[in-house]
Amino acid sequence: MRVLRGRVFYRGRVEPLDVGVDEAGKIAAIRKVIAGEEVEDHGDRLILPGGVDLHVHFRDPGLTEKEDFPSGTRSAALGGVTTVADMPNTRPPVTTRDALREKEARVRGRAAVDYALYAAPRTGASVPELSEAAAFKVYMAESTGGLQVGEGALGEILEAAAPRKKLVVAHAEDARRFQKDEAATLAGHSRARPKESEVDAIRTLAKLRGDGPVHVAHVTCVEALDAVPEGVTTEATPHHLLLDHTRPLKAFGKVNPPLRSPEDRQALWDAFAAGRIDIVATDHAPHTREEKEEPFGEAPSGLPGVATSLPLLLRQVRAETLSLERFVDATAARPAEILGVPKGRIEVGRDADLIVIDAREVVRITPRRVRYKCGWTPFEGMEGVFPRTVYLRGERVVEDGEPIAEGLGRRLSGNEA
Ligand code: DOR
Ligand code: ZN
């Protein structure tokens with residue numbers, strides 16, 4: 001057994017502990033002192049569970065000028081995310097069993113962290129053939145990829161997914177509320193796809209949901225949260241929590257659903273910090289600089305964020321605007337639970353996916369730091385705390401903040417823990 005020593009987040013508090021890791025990369029013991037062969041002593045640094053990001057777009061296959069599995073998972077690792085769930089709006093889209101199997105074969109052995117794959121059923125009838133996907137994504141309005149489904153199909157998909165206990169993640173915007181807005185600004189984009197479109201879509205979802213697990217992606221405002229029925233889980237992105245439509249980002253801040261006003265952002269943050277939102281997920285959705293430099297109306301929507309989510313939020317923990325418990329819950333424990341993977345907590349029997357943090361090491365975020373293939377980040381210039389060391393099932397994948405191992409990531413089937 002190998003032993004990792006440090007100040008460990010265990011059962012809701014931080015204490016100096018030894019974490020024993022077995023050959024299979026599982027946590028085998030947690031004690032004050034484990035007399036092991038090899039001790040890796042992290043001193044007074046914090047040891048936390050690795051992040052679980054349920055919403056990334058790694059663009060592989062078909063859109064790999066924006067990102068690919070090796071680059072996306074490398075950025076995830078250096079930001080402390082050890083599990084990702086990848087969205088189906090690739091080219092071809094993951095709407096059939098063949099497309100899912102091809103994607104699976106293509107990404108195998110090329111991921112630096114563990115991963116789950118989504119499929120996007122377009123009809124209730126396609127649900128059984130997509131059962132190998134870890135979870136389903138449904139788009140209730142057009143965003144990148146043209147995978148939206150109407151109410152009839154949505155109802156059928158929810159009904160077919162429920163007995164399989166398959167998680168259905170909804171992109172909840174109702175296009176009937178969209179408006180033309182020619183302002184060519186982020187505020188205009190928010191008016192064009194207003195908060196009411198989210199509220200209406202969530203109401204539709206509440207009406208159709210049945211009794212399977214349903215999750216609402218990227219909630220941007222408290223009004224949307226208020227419409228979420230009991231038992232449906234929610235996520236917020238770091239960009240909706242930390243950026244608003246007054247930032248001078250131009251189309252580099254264009255995303256669906258849009259960045260909202262400073263007041264909406266603050267209210268969303270308060271709800272998140274108070275525990276009203278289950279998880280943080282990044283909706284990491286890179287586009288190239290050239291695409292984002294097109295005239296505002298033509299530029300595609302989507303922002304990269306997988307490497308900066310934990311660092312930005314750890315900065316908030318250090319500033320005491322977010323509790324460490326809430327941080328761990330939202331970035332690791334709850335998303336692992338929602339997807340059903342044996343991760344997200346430092347507990348005997350779980351995978352030893354761990355990050356080592358020194359909260360004094362605050363750095364400025366730069367495109368170089370995050371290593372995205374697209375070469376930009378909307379959080380440039382903001383402060384973050386990046387992990388020094390990252391373990392994936394007990395193996396070091398990041399050392400001194402640099403990715404050092406590739407290809408160790410394994411596929412997760414979901415619904416297993
Ligand atoms: O802004 C967005 N970009 N929203 C989405 O729903 C999709 C994403 C993308 O894939 O680019
Ligand atoms: Zn997305």
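Quick note: residue numbers are just sequence positions, from 1. Worth knowing before you read on, the calculation uses all heavy atoms, side chains too, and leaves out hydrogens, waters and symmetry mates. Computed from a prediction, not measured in an experiment: that's the story for all the values here. Counting starts at 1 for both ligands and their atoms, following the listed order.
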For ligand 1, which atoms have a heavy atom of [X] less than 4.0 angstrom away?
X: H57; result: 10 (O)
X: N256; result: 1 (O), 2 (C), 4 (N), 5 (C), 6 (O)
X: A285; result: 3 (N), 8 (C), 9 (C), 11 (O)
X: V255; result: 1 (O)

Check E196 with R177, please: is the shortest side-chain N to carboxylate O separation under 4.0 Å? no
Before accepting this row, confirm whether a basic side-chain N of the pair D44/R360 lies closer than 4.0 Å to the acidic partner's carboxylate O. yes
Ligand 1-proximal atoms of [X], by part, heavy-atom distance under 4.0 Å:
X: N89; result: side chain
X: H287; result: side chain
X: R59; result: side chain
X: K254; result: neither
X: S143; result: side chain

Considering distance alone, does some N or O of G302 sit under 3.5 Å from an N or O of ligand 1? yes
Does Y139 reach ligand 1 with a nitrogen or oxygen that is under 3.5 Å from one of the ligand's nitrogen or oxygen atoms? no
Whether D353 side chain and G50 backbone form a donor-acceptor pair below 3.5 Å: no
If only atom types and distance count, is the side chain of R350 paired as donor or acceptor with the main-chain N or O of K343 below 3.5 Å? yes
Is any protein N, O or S atom closer than 2.8 Å to the Zn ion (ligand 2), and if so, which? H55 NE2, H57 NE2, D283 OD1
For T204 and R176, work out which heavy atoms get closest and say how close. OG1-NH2, 4.5 Å
Using distance alone, with no hydrogens and no angle criterion, decide if [X] and [Y] have a side-chain donor and acceptor under 3.5 Å apart.
X: D278; Y: T233; answer: no
X: T96; Y: D98; answer: no
X: H189; Y: N256; answer: yes
X: R260; Y: S190; answer: yes

Could you find the nearest protein heavy atom to atom 3 (N) of ligand 1 and give me its residue, atom name and distance? S301 O, 2.9 Å
Taking ring-ring contact (aromatic ring centres under 6.0 Å, His included) as the test, write out the residues that go with F272, two or more places apart. W269
Does the side chain of T237 reach to within under 4.5 Å of the side chain of H55, using non-hydrogen atoms? no
Side-chain contact, heavy-atom cut-off 4.5 Å: T288 with C374? no
